[in-house]
2 protein chains.
Amino acid sequence: MANDLQQLKQNFISGLSNISGFWGFPKGMGAIFAVLYLSPGPLSLDELVTQTGLTKGAISTNVRGLSRLGLIHAASQLGDRKDYYQAETDFYRAVRAILQERRNSDFDRAVETVRLTLEKLESDDNSDPERAFLVERLRALKDFFDALDSLVNAVTRLDGLGLHTVQTVLKILK
Amino acid sequence: MANDLQQLKQNFISGLSNISGFWGFPKGMGAIFAVLYLSPGPLSLDELVTQTGLTKGAISTNVRGLSRLGLIHAASQLGDRKDYYQAETDFYRAVRAILQERRNSDFDRAVETVRLTLEKLESDDNSDPERAFLVERLRALKDFFDALDSLVNAVTRLDGLGLHTVQTVLKILK
DNA sequence: TACTATGTTTAGTACAAACTAAACGTTCTA
DNA sequence: TAGAACGTTTAGTTTGTACTAAACATAGTA
């Protein structure tokens with residue numbers, strides 16, 4: 001019975017670990033978040049150690065990452081030197097945080113390179129047919145990135161409404 | 001001049017390699033796609049070898065992956081035993097293909113696990129307060145996944161309209 | 001049939017990333 | 001001030017993955 005619940009929890013934890021790995025995050029992150037998400041109250045680092053099976057070091061670094069992403073929050077309690085953590089339960093907020101996090105990444109830097117390259121090419125003469133071809137292709141790519149960018153921006157700004165609003169709108173569209 | 005163009009191309013190729021790696025795909029994939037995307041005509045495997053610096057083996061496996069994702073297309077020419085490849089230029093189609101590809105992945109399998117777990121928990125009695133808490137949390141998570149799922153489905157179905165339509169709608173929303 | 005051209009598969013290597021174990025630095029307490 | 005309680009940092013190990021080099025399979029050509 002209680003054993004049964006424990007089994008389900010364990011299942012959930014390993015499942016979320018895999019999801020985490022799938023999206024390019026450390027699996028430990030997924031495990032830690034899973035444990036916190038299924039816990040009614042905040043947990044200390046040591047409790048995370050026992051419940052995840054990871055070592056203090058791993059917990060320490062992963063917890064930092066999760067905090068930076070806004071997926072968990074530190075909740076230090078007065079008169080207690082321990083740090084306590086709890087999971088963010090508003091996933092939409094978490095998604096927005098993650099999207100913003102990724103803005104200053106290799107990705108956007110590379111996109112910026114494309115933009116600059118295109119600007120330079122377009123300003124020069126493009127009587128050269130090969131050059132004209134390049135301009136055409138890069139422009140299509142840039143337009144695509146711009147669209148993605150707007151999409152991310154829009155989602156990032158959806159403060160009160162959740163993703164379900166977007167879903168509804170999209171359903172109306174077709 | 002022509003050197004200049006070559007420089008730009010090289011820049012673009014390495015840039016796309018990084019983007020590829022960032023999203024969890026092999027960097028070679030990005031490089032190959034970049035080369036094909038900047039080529040006016042289809043390229044053979046050997047040409048890809050020389051232009052990317054990768055070996056035949058790497059090209060072979062990566063090309064298979066890109067084909068599966070719908071990011072490039074094989075274009076065998078009659079009377080020529082060589083395989084030729086060209087880049088897909090409709091990015092929206094490519095995005096849809098990638099989203100569909102990811103449907104049968106670890107991710108969706110894990111999500112399914114959550115759904116089943118929840119079903120089982122909800123059907124049983126939940127007089128146990130701990131159990132009731134679990135149900136509440138899992139339900140919130142499931143709702144979130146459902147919303148994401150609908151979003152993906154909607155995007156997948158956007159056949160004629162591109163993402164820019166979505167963008168426009170979102171801009172109207174706020 | 002031998003030889004060539006082409007793409008795939010395999011065995012091994014190199015590298016990056018996440019983790020463990022343990023040393024370390026702080027801060028609180030006796 | 002000594003010691004304990006915590007969290008962080010570091011050095012080293014493990015692991016997974018993308019790549020190279022080369023053997024292989026297949027089909028076309030002399």
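The sequence lines fix the lettering, A, B, ..., with proteins before strands; numbering per chain opens at 1. Just so we're clear, the structure is a prediction, and the values are computed from it rather than from any experiment. Hydrogens, waters and symmetry mates are skipped; everything else that's a heavy atom, side chains included, is used.
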Task: Minimum side-chain heavy-atom gap A:Thr117-B:Phe12 below 4.5 Å - done: no
Open item on the list: Could you check, using the six-membered ring where one of them is a Trp, whether B:Phe91 and A:Phe145 have ring centers closer than 6.0 angstrom?
Closed with: no
Open item on the list: Any non-hydrogen side-chain atom of B:Lys120 less than 4.5 Å from a side-chain atom of B:Leu116?
Closed with: no
- [ ] Measure the distance from CG on A:Asp83 to C1' on D:dT8 and round it to the nearest whole Å.
- [x] 11 Å
TODO: Could you tell me whether the side chain of B:Phe25 reaches within less than 4.5 Å of the side chain of B:Leu69, counting heavy atoms only?
DONE: yes
Open item on the list: Measure CG/B:Asn18 against C1'/D:dA18 and give the value in whole Å, please.
Closed with: 15 Å
Task: Separation of atom NZ in A:Lys82 from atom P in D:dA4, rounded to whole Å - done: 16 Å
Open item on the list: Going by side-chain hydrogen bond (donor to acceptor under 3.5 Å, both in side chains), name the pairs with one or both residues in residues 43-56 of chain A, residues two or more places apart or in two chains.
Closed with: A:Ser44-A:Glu47
Open item on the list: Please give me every residue in residues 37-46 of chain B whose heavy atoms get under 4.0 Å of an atom in DNA chain C, ordered by residue number.
Closed with: B:Leu45
Task: Passing option when B:Val63 is tested against B:Leu48, B:Asp83, B:Leu36 for side-chain contact (heavy atoms from CB on, under 4.5 Å) - done: B:Leu48
Task: For the student: nearest non-hydrogen atoms of A:Phe33 and A:Leu71, plus distance - done: CE1-O, 3.2 Å
TODO: Any chance you could list the contact pattern along nucleotides 9-27 of chain C? Use B for base contacts, S for sugar-phosphate-only contacts and - for none, protein heavy atoms under 4.0 Å, 5' to 3'.
DONE: B--------SSBS-----B
Open item on the list: Does this structure show an ion pair linking B:Glu136 with B:Arg139, if we count only N-O contacts that are shorter than 4.0 Å?
Closed with: no
